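Fair warning: this is a prediction, and the values are worked out from it, not measured in the lab. Reckoned from all heavy atoms, side chains included, excluding hydrogens, waters and symmetry mates. Labels below follow one simple rule: chain letters A, B, ... track the order of the sequence lines, proteins then strands, and each chain is numbered from 1.
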There are 2 protein chains.
Amino acid sequence: MDKIFLEQSKCPIKKTLDIIGGKWKLRIIFQIGSEIRRYGELRKLMPDISEKMLIQELKSLVEYGVLSKKSYHQIPPKVEYNLTEKGFKLIPIIDLMKEFGAEN
Amino acid sequence: MDKIFLEQSKCPIKKTLDIIGGKWKLRIIFQIGSEIRRYGELRKLMPDISEKMLIQELKSLVEYGVLSKKSYHQIPPKVEYNLTEKGFKLIPIIDLMKEFGAEN
DNA sequence: ACAAGTACTTACCTTTAAGTAGGATACCTA
DNA sequence: TAGGTATCCTACTTAAAGGTAAGTACTTGT
């Protein structure tokens with residue numbers, strides 16, 4: 001982003017915030033990390049998030065290509081989530097934010 | 001943050017988001033960068049932000065110790081903002097986000 | 001009088017994000 | 001029947017964030 005009159009529609013920071021903004025997304029990404037996680041696992045790791053929000057945010061992250069979702073055709077349902085290559089690019093951001101939050 | 005049952009009140013990512021979350025803060029920090037900026041300067045650099053939001057977010061960032069505000073006792077009013085040492089620690093985060101947004 | 005400069009405040013409204021509660025699917029077991 | 005498994009949806013409500021418009025202060029110039 002050039003600091004001179006760049007329209008907000010072209011701002012890469014805005015673009016990133018569109019993808020990962022909000023209360024829960026970065027924490028979801030962090031909890032998945034390099035693992036393959038199931039829905040119920042995430043629920044246990046993040047007891048404070050509502051079902052509705054977890055599902056909503058997982059879905060959004062899948063749509064943005066940050067997460068990959070693998071569904072198994074079975075009952076009870078089985079779904080697995082993992083970071084895509086694109087998702088992994090967010091890890092350094094998360095690490096820096098974790099560090100900043102721990103120190104400040 | 002340990003990935004096991006850490007209360008959200010202790011989550012460093014949450015703590016960082018408390019400080020810099022929202023639509024405008026990171027972009028304000030970016031526009032100030034290593035400079036000393038006046039209110040009116042920021043308005044020109046960020047024509048899309050409302051006066052109310054700019055002032056509100058500047059104030060918040062000052063309260064969180066990310067920005068330093070210097071007021072001159074004069075008319076017309078003159079106020080300058082610059083990043084604190086703490087604020088500078090956010091620059092690598094912003095850079096990474098800029099990069100991510102530009103590529104994705 | 002009005003306009004310009006600079007930086008802010010306030011009341012109210014609109015939009016967005018998050019939360020609550022109830023419900024759904026299909027199969028199995030007691 | 002009830003309860004369990006696992007994942008998800010929907011309607012509605014609440015909370016939070018962002019926006020709009022009008023106003024403030026003081027000085028100087030037209």
Side-chain angles (χ1 to χ4, degrees), chain A residues 7-9 11 13-29 31-32 35-64 66-82, chain B residues 7-9 11 13-29 31-32 35-64 66-82:
Chain A
E7 286 176 19
Q8 70 170 338
S9 59
C11 175
I13 295 177
K14 177 183 187 303
K15 191 169 175 185
T16 298
L17 286 177
D18 287 343
I19 296 170
I20 62 168
K23 182 173 177 178
W24 295 107
K25 281 184 183 164
L26 286 178
R27 289 147 79 185
I28 290 169
I29 293 166
Q31 292 290 1
I32 294 176
E35 306 294 331
I36 295 176
R37 299 280 191 201
R38 293 181 60 182
Y39 169 78
E41 239 179 310
L42 291 169
R43 297 252 17 235
K44 290 190 174 69
L45 290 172
M46 309 175 69
D48 296 321
I49 187 169
S50 68
E51 284 197 330
K52 182 247 187 183
M53 287 310 301
L54 180 53
I55 289 160
Q56 176 183 300
E57 301 301 76
L58 284 168
K59 181 174 179 181
S60 173
L61 289 169
V62 169
E63 282 167 358
Y64 275 119
V66 170
L67 287 186
S68 174
K69 172 182 178 178
K70 182 170 183 181
S71 302
Y72 294 81
H73 297 286
Q74 69 175 54
I75 294 295
K78 179 178 178 181
V79 178
E80 294 174 340
Y81 294 93
N82 62 286
Chain B
E7 286 178 21
Q8 69 170 338
S9 58
C11 176
I13 296 176
K14 177 181 187 302
K15 191 168 175 184
T16 300
L17 287 176
D18 286 342
I19 296 170
I20 62 169
K23 183 172 176 179
W24 296 108
K25 281 183 182 163
L26 285 177
R27 290 148 77 184
I28 289 169
I29 293 165
Q31 291 292 358
I32 294 176
E35 306 294 332
I36 295 175
R37 300 279 193 202
R38 293 180 61 180
Y39 168 78
E41 239 180 309
L42 290 169
R43 296 248 28 228
K44 289 190 175 73
L45 290 172
M46 306 174 71
D48 297 320
I49 188 171
S50 68
E51 286 194 323
K52 181 247 187 179
M53 288 310 301
L54 180 53
I55 290 160
Q56 175 182 302
E57 301 301 76
L58 285 168
K59 181 175 180 180
S60 172
L61 289 169
V62 168
E63 283 167 355
Y64 275 118
V66 172
L67 287 186
S68 175
K69 172 181 180 180
K70 183 171 183 181
S71 303
Y72 294 79
H73 298 285
Q74 68 174 56
I75 294 294
K78 178 178 177 180
V79 177
E80 296 174 338
Y81 295 94
N82 62 284

Are the side chain of B:Glu41 and the backbone of B:Arg38 linked by a donor-acceptor contact shorter than 3.5 Å?
-> yes
To the nearest Å, how far apart are B:Leu54 CG and D:dT20 P?
-> 14 Å
Distance-minimising heavy-atom pair for B:Ile19 and B:Leu61 = O-CD2, 3.9 Å
Let me check something: any side-chain donor-acceptor pairs from residues 70-81 of chain A under 3.5 Å, sequence neighbours excluded? List them with distances.
unit_1, atom_1, unit_2, atom_2, d
A:Tyr72, OH, A:Glu80, OE1, 2.8
A:Gln74, NE2, A:Pro76, O, 3.1

Sugar-phosphate, base or nothing in reach of A:Lys69, heavy atoms under 4.0 Å = sugar-phosphate
Report yes if some heavy atom in the side chain of B:Leu42 is under 4.5 Å from a heavy atom in the side chain of B:Gln31; otherwise report no.
-> yes
Find the distance A:Leu61:CG to D:dC8:P and express it as a whole number of Å.
-> 13 Å
Tell me whether the OP1 or OP2 atom of D:dC8 has a side-chain N or O from A:Tyr81 closer than 4.0 Å.
-> yes
Minimum-distance nucleotide (side-chain atoms of A:Lys59 versus D:dC9, C:dC8, C:dA18) = D:dC9
Whole-Å distance separating the NZ atom of B:Lys70 from the P atom of C:dT6 | 19 Å
Under 4.0 Å protein heavy-atom contact, by nucleotide of nucleotides 20-30 of chain C - B base, S sugar-phosphate only = B-----BS---
Taking the side chain as C-beta and beyond, is there a heavy-atom pair between B:Tyr64 and B:Asp18 under 4.5 Å?
-> yes
Just wondering, do A:Thr16 and B:Leu26 contact through their side chains at under 4.5 Å, heavy atoms?
-> no
Write down the distance between CD (A:Gln74) and P (D:dG4), rounded to a whole number of angstrom.
-> 20 Å
A:Arg38 has a side chain; which of D:dG18, C:dG19, D:dT7 sits nearest to it?
-> D:dT7
B:Ile55 has an atom CD1; how far is it from atom P of C:dT10, in whole Å?
-> 11 Å
Separation of D:dG4 C1' from A:Lys78 NZ (nearest whole Å) | 18 Å
Do any N or O atoms from the side chain of B:Arg27 and from the backbone of A:Lys14 form a donor-acceptor pair under 3.5 angstrom?
-> no
From CD1 of B:Ile49 across to C1' of D:dT20 the rounded distance in Å is 14 Å
Can you tell me how far P of C:dT6 sits from CD of B:Glu80, to the nearest Å?
-> 13 Å
Which residue lies toward the 5' end of DNA chain D, A:Arg43 or B:Gln56, if each is placed at its nearest nucleotide?
-> A:Arg43
With sugar-phosphate meaning primed atoms plus P, OP1 and OP2, does A:Glu57 contact a base, only sugar-phosphate, or nothing at under 4.0 Å between heavy atoms?
-> sugar-phosphate
